[in-house]
Chemist: 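Have a look at this one.
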Protein chains: 2
Amino acid sequence: MLLDRLRDLLGHDHVLTGADMAGFGEEFTGHYHWQPLAVLRPATTEEVSGILRLASESGTPVVPVSGGTGLNGGHEAEGRLMISLARMNRIRDFNPAARTIAVEAGVILQTIHDHVAEAGLMFPLSFGAKGSAMVGGFLSTNAGGSNVVRYGNARALCLGLEVVMADGAVMNLMTALHKDNTGYDLRDLMIGAEGTLGVITAAMLHLVPAPTARATALLALPGFAQALSLLNRVQAGTGGAVEAYEYLPDLFFDRMAKYKPDWTCPITPAPVNILLEIATTVPGDTPQSRLEDLLEAPLEAGDILDAVVASSDAQRNYLWHMRESAAEVSLNEDPLVDTDVSLPLDLIEPWLNRMNAEVARLDPKARMMAIGHLGDGNLHYTVYPSDKGFVAPIRDAISREAVVMGGSFSAEHGVGLSKLGSMAKYKDPVALRTMRAIKAALDPKNILNPGKTVPEA
Amino acid sequence: MLLDRLRDLLGHDHVLTGADMAGFGEEFTGHYHWQPLAVLRPATTEEVSGILRLASESGTPVVPVSGGTGLNGGHEAEGRLMISLARMNRIRDFNPAARTIAVEAGVILQTIHDHVAEAGLMFPLSFGAKGSAMVGGFLSTNAGGSNVVRYGNARALCLGLEVVMADGAVMNLMTALHKDNTGYDLRDLMIGAEGTLGVITAAMLHLVPAPTARATALLALPGFAQALSLLNRVQAGTGGAVEAYEYLPDLFFDRMAKYKPDWTCPITPAPVNILLEIATTVPGDTPQSRLEDLLEAPLEAGDILDAVVASSDAQRNYLWHMRESAAEVSLNEDPLVDTDVSLPLDLIEPWLNRMNAEVARLDPKARMMAIGHLGDGNLHYTVYPSDKGFVAPIRDAISREAVVMGGSFSAEHGVGLSKLGSMAKYKDPVALRTMRAIKAALDPKNILNPGKTVPEA
């Protein structure tokens, strides 16, 4: 009956059931498997609104999904209606002079990158899954990635939103203004809410001038102390031009040799390896020679053990390709604990030491590896436990130890299902109560991605 | 009875009534006058929590106030309990290495500037009232000011918050992290909410390296076309180093000559005058010569008619002092319509033309003047009507014409009371409904600054 009405709304081809739902019942991590009630493929905001109206009337839970690259069970949808935004893939407006682009929720991140590049502009959000991640998902998780150190996360790059609310009403917040204080900040409330407060159908994104020149290096360093001191040196010496400061441990290159045998690392890896990129939009600036100058003294002092500075776009792309294979190279075992903690920068090394000791205590046969966006304090600390039974206690320990040191157990991947336990235990109780009140107020029938993001009381 | 309990809580000296409340019953604009029930002066978060508990139990409305420099009736408090945060003026923690400062709601903006300057850091929020505006107020209105073009508004500079909720519960969101996605973005919801969702008692603010060199100029230009083209030229030529791009009309200097007769403008004012500042943190950079180079061609082409580049700190301070006297020089008549609209940059001139024609139609004897943060599209369009009766229709027309052209009727001063009518008429109705639902959920007894920010249904 409901499905019939949805077929009337969307057309028969866009209400998938049974075997047609292949690919919509599993997460990339392999941690979550589900059987949706149906997969809906609306092409317009009006159709999303119609779906929500029907879902609301019938009290049927819905789960929005766009690129489906989430890592925390945020789009798990057992017995629920999945709303795939993939057909909402229009670029509604591109205004190079105003440096804005209005895009629908199903536009792929890489498509935005390519589209604006021709006008000398850049949308600075970037991460490994950029070839499949879409607007709806990267906003709903407030995604981060490699360039946050300079440009901020998804939230900082979004000016306006269009959101379909629980009862199907369309909320139009599609401003392109940089200053707009007309009441509560509903935009930022919807960003990062993982579809639990509304379904994002379109966004007005903020663009920046594309760098006119870049310098990219892969560096091997003896430890974190040298890495942080180098970060400060390069930031000071360039006026804050660090676009990316990515940490890769020697273990990463061991795994790369195993899983990507065709690739070769152009340096001899050390305990701390850094993919560093600086960029400029100042005419006449020469970041490559500036970077080489800045690296000289630490190289002589032994604070950098090995270094390669990319001398061509192809070399730069190769370095980035290695970095962006991290998910593929590190999240390919089972059992697995994948995390995205953030920490004050100066506490990263002490935290890693504490954490490695704690995991070894819980599961002496576990292996661990951390990769991260060192420039903004975000670590992907991954554990390969010796048994599935260790997954939950290790995950809990990681959250606890992050919070104890002033960090967060959720930096950029969202809460979804996998961090609900950490939310319940480690998030401020008044904040939790406030979130529940907002959820109940905006989704009184609890049909929007229920059971995600905010743990039940 | 309630006042007795409040005296028990705060001490007799910190519950002001009658004549002791002098200075707490009027807005700077002169537009609002009121008689509070009492003025409370808590010194700690616990005391604020105790006040809210008592207010909640007794259903007594409270109005928070910090510096009291608001311009839209946001702290009007007829018959209400005012909570002055001025005694909560401690700097809780200053961490130069992490570039953060934790401050209480009663710390004055200028105090933050001075405190961090010694460590070579800067808190970039700045506006005319910086000598009296305080943390609680500039966050509750999401204040903007002169440096938004480079650093964003108050929201962009705040990492964490401490907020006392309607029932007295203390919500601890005092993170110093740049990536923290543990659930809904309650911080940004509280920022800009004008005390209607909670009382901000402390904040973790983000600092930036202070510029090592600056160049500041006052320029006279024939029109807005030349001003926008110059902005783009300087942004491109400096890699986005424009810290401020402030518009002052010739009328401003006429008023300055009248109200500040001791001051002299160092250039011959033209229709469009720009206070331009660029800055750098790159060692060895010479912004002054760079700016002079960039100004040369437009000067020769007649796109700049007159120019002075400050050659000393004293000259720079003089230029800024003129700009920051704008409120004093422009908001000193009665009747008065003061506004803070924002517009797409390329529509500023068409909007001004339209607006001036519309105001002349409504009140042929009205005079108008616009001052603004041109770099981020924010205009303070001020009208001096010939009669009080024109205030409301002119205010409404300004809001309407801003929204019609893709702008906002509230850029940086907050909504308070004076823009409630515009909210009701021009804000997206689904957004209004959503705001009301959030307000009802977080403040069920409607005691937090009731009747402000969000118009009743």
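Numbered from 1 within each chain, the chains take letters A, B, ... in sequence-line order.
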Chemist: Which one of B:Val208, B:Asn153, B:Val148 has the most heavy-atom pairs closer than 4.5 Å to chain A?
Modeler: B:Val148

Chemist: Between A:Thr141 and chain B, with a heavy-atom cut-off of 4.5 Å, which part of the residue counts as in contact: side chain, backbone, both or neither?
Modeler: backbone

Chemist: Using a distance-only test with no angle check, is there a side-chain donor-acceptor pair under 3.5 angstrom linking B:Thr182 and A:Tyr426?
Modeler: no

Chemist: Restricting to non-hydrogen atoms, name the atom on A:Gly183 and the atom on B:Val415 that form the minimum distance, rounded to 0.1 Å.
Modeler: N-CG2, 3.8 Å

Chemist: So what's closer than 4.5 Å to chain B heavy atoms on A:Val170: side chain, backbone, both or neither?
Modeler: backbone

Chemist: Nearest 0.5 Å, please: how far is CG in A:Asp285 from CG in B:Asp285?
Modeler: 8.0 Å

Chemist: Answer with side chain, backbone, both or neither: which region of A:Ala156 has an atom nearer than 4.5 Å to a non-hydrogen atom of chain B?
Modeler: neither

Chemist: To check you understand the geometry: which heavy-atom pair defines the closest contact between B:Val430 and A:Met171, and what is its length?
Modeler: CG1-CB, 3.7 Å

Chemist: To the closest 0.5 Å, what do you measure between CD (A:Glu412) and NE2 (B:His178)?
Modeler: 14.5 Å

Chemist: At a 4.5 Å cut-off on heavy atoms, which part of B:Leu345 comes close to chain A: side chain, backbone, both, or neither?
Modeler: neither

Chemist: Over all heavy atoms of both residues, which pair between A:Ala437 and B:Ala441 is shortest? Give the atoms and the distance, please.
Modeler: O-CB, 3.6 Å

Chemist: Where does A:Leu442 contact chain B at under 4.5 Å (heavy atoms): side chain, backbone, both or neither?
Modeler: side chain

Chemist: For A:Thr280, is it the side chain, the backbone, both, or neither that has a heavy atom closer than 4.5 Å to a heavy atom of chain B?
Modeler: neither

Chemist: Please identify, among B:Lys452, B:Met165, B:Arg433, the residue contributing the most non-hydrogen atom pairs under 4.5 Å to chain A.
Modeler: B:Arg433

Chemist: Taking all non-hydrogen atoms of both residues into account, name the closest pair between A:Gly237 and B:Val282 and its distance.
Modeler: O-CG1, 3.9 Å

Chemist: Under 3.5 Å, side chain of B:Ser342 to main-chain N/O of A:Lys179, donor-acceptor pair present?
Modeler: yes

Chemist: Given 3.5 Å as the limit, does a donor-acceptor pair link the side chain of A:Asn181 with the main chain of B:Asn142, or not?
Modeler: yes

Chemist: Taking all heavy atoms of A:Pro283 and all of B:Ala236, pick out the closest pair and write down the distance.
Modeler: CD-O, 3.1 Å

Chemist: Which bit of A:Met423 comes within less than 4.5 Å of chain B, counting heavy atoms only: side chain, backbone, both or neither?
Modeler: side chain

Chemist: Taking NZ, NE, NH1 and NH2 as the nitrogens, is one of them in B:Arg187 or A:Asp185 under 4.0 Å from a carboxylate oxygen of the other?
Modeler: no

Chemist: For B:Ala193, is it the side chain, the backbone, both or neither that has a heavy atom under 4.5 Å from a heavy atom of chain A?
Modeler: both

Chemist: Of all of A:His373, A:Lys427, A:Lys439, A:Lys419, which one pairs up most often with chain B through heavy atoms under 4.5 Å apart?
Modeler: A:Lys427

Chemist: Can you tell me how far apart CG (B:Leu343) and CG (A:Leu177) are? Round to the nearest 0.5 Å.
Modeler: 7.5 Å

Chemist: Between chain B and each of A:Ser410, A:Pro209, A:Gly239, count heavy-atom pairs under 4.5 Å; write down the option with the most.
Modeler: A:Ser410

Chemist: Check whether A:Ala431 gets within reach of chain B through its side chain, its backbone, both or neither, counting any heavy atom under 4.5 Å.
Modeler: both

Chemist: For A:Arg436, is it the side chain, the backbone, both, or neither that has a heavy atom closer than 4.5 Å to a heavy atom of chain B?
Modeler: neither

Chemist: With a 4.5 angstrom heavy-atom cut-off, could you sort out which part of B:Met435 is near chain A: side chain, backbone, both or neither?
Modeler: both

Chemist: Checking B:Ala176 against chain A: side chain, backbone, both or neither under 4.5 Å from a heavy atom?
Modeler: neither

Chemist: To the nearest 0.5 Å, what is the distance between CG on B:Leu432 and OH on A:Tyr184?
Modeler: 11.0 Å

Chemist: Roughly how far apart are B:Ile438 CD1 and A:Leu186 CG, rounded to 0.5 Å?
Modeler: 5.0 Å

Chemist: Got a second to check how far B:Leu189's CG is from A:Asp188's CG, nearest 0.5 Å?
Modeler: 9.5 Å

